[in-house]
Engineer: 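Next up is a structure, given as structure tokens.
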Amino acid sequence: MKLPNIKILEEHNKLLRMTSKEATFPLSNQELRLIDDMITYLTMSQIKETQQKYNLRAGWGLSAVQVGLLKRIFVIVEEVEPGSFKNYIVINPKILSHSEEKIYVGEGEGCLSVNRFTEGIVPRYARITVSAFDIDGNPYTLRVREDVAIAFQHEIDHLNGILFIDRIDKKNPFKGKDTMREI
Ligand code: NI
């Protein structure tokens, strides 16, 4: 596998604060290539050999805005079993419903655009139902839960110019700990 030539924007880049626009179909060749590159990059970041070879931080998800394209597109690569990956390509997503229950990542959420240690609770819904479009423009509905649901909410935030650090209470980073389930 060859490491894609993509540049991931860093925290203070103003593009990350902008609201991405709806994608239109058919996607352009540039958009299709970017989706492919993001998936390859995330996969390589999770495979130990390529992670070490290219000095990558492991990541689950990337939004188009993180590589400089302000379109409502994100991808998630989930390692479902060792060495086996499931890709989600999510275009123009909308959260249709969500659980009452909230969860948070105990070790803290991370982002390939935030290269520093952060701690604190990022409250997320335990389950969400999302409508979106696939790469060919076909609509679909998907219910996701637990860590995948967190990844979806993290990426949907990116499309709206929000970073996970914005959701951590400034005064008390562990606020609400007892009202949510840690995963
Ligand atoms: Ni992120």
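All values below come from the heavy atoms of this structure, side chains included, with hydrogens, waters and symmetry mates left out. Start at 1 and go down the list; that is how both ligands and their atoms are numbered.
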Engineer: In terms of side-chain heavy atoms, does Asn115 have a donor or acceptor partner in Glu10 at a distance below 3.5 Å?
Structural biologist: yes
Engineer: Checking Ser113 against Gln66: is there a side-chain donor and acceptor pair closer than 3.5 Å?
Structural biologist: yes
Engineer: Given Arg72 and Asn160, is the side chain to side chain donor-acceptor pair (under 3.5 Å) satisfied, shown in steps?
Structural biologist: CA-CA 9 Å; Arg72 302 187 77 80; Asn160 295 321; 2.8 Å; yes
Engineer: Relative to the Ni ion (ligand 1), how many protein N, O or S atoms have a separation of less than 2.8 Å?
Structural biologist: 3
Engineer: Which label fits Tyr125 and His98: parallel for a plane angle under 30°, tilted from 30 to 60°, or perpendicular past 60°?
Structural biologist: parallel
Engineer: Any link between Ile135 and Leu34 through a network of hydrophobic side chains (Ile, Leu, Val, Met, Phe, Trp, Tyr) touching at under 4.5 Å?
Structural biologist: yes
Engineer: Strictly below 4.0 Å, N to O, side chains only: are Lys94 and Glu22 in salt-bridge contact?
Structural biologist: yes
